[in-house]
Amino acid sequence: MAAAAAAARRAAGLLPLLSSPSGARIPLRRALSMIPPPRSYRFLSHAAMPFSTSSASASNGAAVERTRELHLYNTKSRKKEHFRPRAPEGEVGMYVCGVTPYDDSHIGHARAYVAFDVLYRYLRYLGYEVRYVRNFTDIDDKIIARANQLGEDPFCLSKRFSDDFLSDMANLQCLPPSVEPRVSDHIDHIITMIKQILDNSCAYVVGGDVYFSVDSFPEYGELSGRKLDDNRAGERVAVDERKRNPADFALWKAAKDGEPWWDSPWGPGRPGWHIECSAMSAHYLGHSFDIHGGGEDLIFPHHENEIAQSRAACCDSSINYWIHNGFVNVNSQKMSKSLGNFITIRKVIEMYHPLALRIFLLGTHYRSPINYTIEQLNVASDRLYYTYQTLHDCEEICQQQQSNSGDSLPANTSSCILKLHDEFETSMSDDLHTSVALAAISEPLKIMNDLLHTRKGKKQEKRLESLSALAEKIRVVLSVLGLLPSSCHEALQQLREKALRRASITEEHVRLKIEERTAARKAKQYEKSDEIRKELAAVGIALMDGPDGTTWRPSLPISEEEEINGVSEEPDYLRTLVVYSLDSYISYELMR
């Protein structure tokens, strides 16, 4: 069964072929270099600029010519549309609904904010100025309930989890938005908007509560495609017999004992959830702006209600593009606390490099559901290691030897760079197909490894110039995707440290095992040396023999590698190092 599944996946181009079409194995003599110790996680906060196909890049700050027309899927129109900002020569306004900080952020949050971070980065790459607003809902029923449970002040609790969220976003290399407003700082703006809605006869007051009347807005349901009759009270809409229509929703909630409150024309109370985003987006971006985003779960009722109340406050209010990301499942089940599969970002990055989580998330189109499994995260981590190792090897050799940067590049290198440029911009401009953009660097990485490590590659004309140019273009792609570390050297060591933690062993233990295996091999005790290698491979530590001795790298635990490849492990005299290069996989075999 496993072999048949593996064969099917190979036929779909999802797995590496470990042999040539003729069936003969293709050996490649290579040993990866030792990696010096790191400092700490750091990341680049700048936005990459479009790369050119020449060796020199523009740096004079001039406006960038956009070579691709960006198309984005609009939830409201249910189709991809050409992105045309309201102010072609001005700022793009983008509002993304932020978290309600009452607990640690989970991988669903990571999925959403990585997706919109990529959109933010790519808009800037295309030359747009972007005003990106992402809020904190620091007043909410969930915050109040959690604070009461812990005996903590609600604002202290929300501040603590907000700070933790920002730390998680920094680890995932999400750029800080232009503005990060908190609801508690905008009560006056919220009250003003509610007054406007009441003045326009689209809301009513009941005992200190203010409700929006959905009957006053005939277009209600256009975003979600739901009919008003579908909005049954008690599902996504609070039950209250005082409502004129069960689908009516709260703009202002009368104060209750033990809850924070503010004075208002309708008595003490606090805002409803939906009005908060309408007021803050209008304050920072105006009543009409370009992009409003969030998770698919926000389409109804949150974003539907936002449209209704914003239009009720200002008849000219409109958002051009509604963009939503898909859900995260865990082992093919919906993630939820009740199922016990609720996974926080912090839990993941205890064992994995944060960028391994990011590249995993980018491996699926942002609108599609994504299935989180440890096996897939291991594959993502392996892909990341291979990418950074290639760039690190390139850095080292280019530093040791001098290249003639002014000379023209070989035709095959220039062709590869042009192809990368085209595939990257084409895929990203087609509704941010990050998985295709990731796959686009597979061939350049393979060429770089050939130039770095094969006899033929080392003899190629203008080898260093080709390596430098290819690395530069790959770095641009990684930067736009938020995957470029400040130091490949440090990132590799961090990936190694995470691998050791997952294996529950130390680097000293690995060193001793390497020495033990070396002694066994010298004594021709190959069964013992095989056992040592298998023991380490089972926990994700791959040993590699080279001219300078044996080194190690993180790898897929051998049981997972067998399942993915559909092949059995090779004996010690022929070891296969399978390196996953993004959506295309490259297999290198190391010969003794």
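Keep in mind the model is a prediction, meaning the values are calculated, not measured.
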Look at the side chain of Ser427 and the backbone N and O of Glu423, then say whether any donor-acceptor pair between them is shorter than 3.5 Å.
-> yes

Backbone N or O of Gly482 within a donor-acceptor pair of the Gln173 side chain at under 3.5 Å?
-> yes

Which value, rounded to the nearest 0.5 Å, describes the distance between Cys97 atom SG and Phe116 atom CZ?
-> 9.0 Å

Does the side chain of Lys76 reach to within under 4.5 Å of the side chain of His303, using non-hydrogen atoms?
-> no

Which donor-acceptor pairs under 3.5 Å do the side chains of residues 279-291 make with protein atoms, sequence neighbours left out?
| residue | atom | partner | partner atom | Å |
| --- | --- | --- | --- | --- |
| Ser281 | OG | Cys277 | O | 2.8 |
| Ser281 | OG | Ser278 | O | 3.1 |
| His283 | ND1 | His189 | NE2 | 3.3 |
| Tyr284 | OH | His186 | NE2 | 2.7 |
| Ser288 | OG | Asp316 | O | 2.9 |
| Ser288 | OG | Ser318 | N | 3.2 |
| Asp290 | OD1 | Arg86 | N | 2.7 |
| Asp290 | OD2 | Gly93 | N | 2.9 |

Heavy-atom side-chain proximity of Phe212 to Asn305 below 4.5 angstrom = no

Does some side-chain heavy atom of Leu438 sit less than 4.5 Å from a side-chain heavy atom of Leu483?
-> yes

Between Lys80 and the options Asp431, Asp430, Asn74, the side chain to side chain donor-acceptor pair (under 3.5 Å) test singles out Asp430

Residues at least two apart in sequence or cross-chain that pass ring pair (Phe, Tyr, Trp, His ring centres under 6.0 Å) with Tyr366, listed by chain then number, are none

Roughly how far, to the nearest 0.5 Å, is the CD1 atom of Ile349 from the CG atom of Leu172?
-> 6.5 Å

Can you tell me if Ser77 and Tyr321 form a side-chain donor-acceptor pair at under 3.5 Å?
-> no

Side chain of Asn325, backbone of Glu296: donor and acceptor closer than 3.5 Å?
-> no

With sequence neighbours excluded, give me every side chain to side chain donor-acceptor pair (under 3.5 Å) pair touching residues 341-351.
-> Asp168-Arg346

Identified side chain to side chain contact (heavy atoms under 4.5 Å, CB included) counterpart of Phe249 within the set His274, His302, Lys243, Glu304 | His274

Contacts of Arg160 that satisfy side-chain contact (heavy atoms from CB on, under 4.5 Å) - sequence neighbours left out | Leu150, Glu152, Leu157, Asp164

Within 45° of the six-membered ring axis of Tyr122 and under 6.0 Å from that ring's centre, is NZ or CZ of Arg124 located there?
-> no

Sub-3.5 Å donor-acceptor pair from the side chain of Asp140 to the main-chain atoms of Lys142, do we have one?
-> yes

Check: Gly98 main-chain N/O paired with Asn135 side-chain donor or acceptor under 3.5 Å = yes

So, the side chain of Ser216 versus the backbone of Ser213: is there a donor-acceptor pair under 3.5 Å, distance only?
-> yes

Nearest 0.5 Å, what's the CZ-CD1 distance between Phe83 and Ile323?
-> 8.0 Å

Only counting residues at least two apart or in another chain, list the ones meeting side chain to side chain donor-acceptor pair (under 3.5 Å) with Asn371.
-> Ser332

Among all residues two or more places apart in sequence or in another chain, which pass the side chain to side chain donor-acceptor pair (under 3.5 Å) test with Glu259?
-> Arg270

Test side chain to side chain donor-acceptor pair (under 3.5 Å) applied to Tyr352 and Asn378, step by step = CA-CA 8 Å; Tyr352 293 89; Asn378 283 335; 2.6 Å; yes

Who are the ring pair (Phe, Tyr, Trp, His ring centres under 6.0 Å) partners of Tyr113, not counting sequence neighbours?
-> Phe165

Are any of the side-chain heavy atoms of Tyr211 and Asp209 separated by less than 4.5 Å?
-> yes

Answer yes if the side chains of Thr192 and Gln196 hold a donor-acceptor pair under 3.5 Å, and no otherwise.
-> no

Residues forming a side-chain contact (heavy atoms from CB on, under 4.5 Å) with Pro369, sequence neighbours excluded | Asn329

Residues that Phe342 engages under ring pair (Phe, Tyr, Trp, His ring centres under 6.0 Å), provided they are two or more places apart = His106

Asn200 side chain to Ala312 main-chain N or O, any donor-acceptor pair under 3.5 Å?
-> yes

Donor-acceptor pair, side chain of Thr364 and main chain of Leu361, under 3.5 angstrom = no

Under a 4.0 Å N-O cut-off, is there an ion pair linking Arg121 with Asp117?
-> yes

Partner set under side-chain contact (heavy atoms from CB on, under 4.5 Å) for Asp103, not counting sequence neighbours | Arg146, Phe161, Lys337

So CD1 of Ile197 and CD1 of Ile275: to nearest 0.5 Å the spacing works out to 4.0 Å

With Tyr388 via ring pair (Phe, Tyr, Trp, His ring centres under 6.0 Å) - residues at least two apart | none

Who passes side-chain contact (heavy atoms from CB on, under 4.5 Å) against Asp153, sequence neighbours left out?
-> Phe155, Cys156

May I ask you to establish whether Arg244 and Tyr204 are in a cation-pi arrangement, using a distance under 6.0 Å from NZ or CZ to the six-membered ring centre and at most 45° from the ring axis?
-> yes

Between Trp262 and Ile139, is any pair of side-chain heavy atoms under 4.5 Å apart?
-> yes

Working to the nearest 0.5 Å, report the span between CG of Leu119 and OG1 of Thr434.
-> 11.5 Å

Do Arg78 and Tyr73 have side chains that get closer than 4.5 Å, going by heavy atoms?
-> yes

Is there side-chain contact between Pro85 and Tyr128, with at least one heavy-atom pair below 4.5 Å?
-> yes

Pairwise side-chain contact, Val133 with Pro177, heavy-atom cut-off 4.5 Å (strictly under) | no

Atom pair CZ/NE2 of Phe424 and His433 - distance to nearest 0.5 Å | 14.0 Å

Without swapping roles, check the side chain of Ser178 against the backbone of Tyr132 for a donor-acceptor pair under 3.5 Å.
-> yes

Might you work through the side-chain contact (heavy atoms from CB on, under 4.5 Å) test for Leu166 and Phe136, ending with a clear yes or no?
-> CA-CA 11 Å; Leu166 293 175; Phe136 283 108; 3.8 Å; yes

Does the Arg182 side chain pair with the main chain of Asp138, one donor and one acceptor, at a distance under 3.5 Å?
-> no

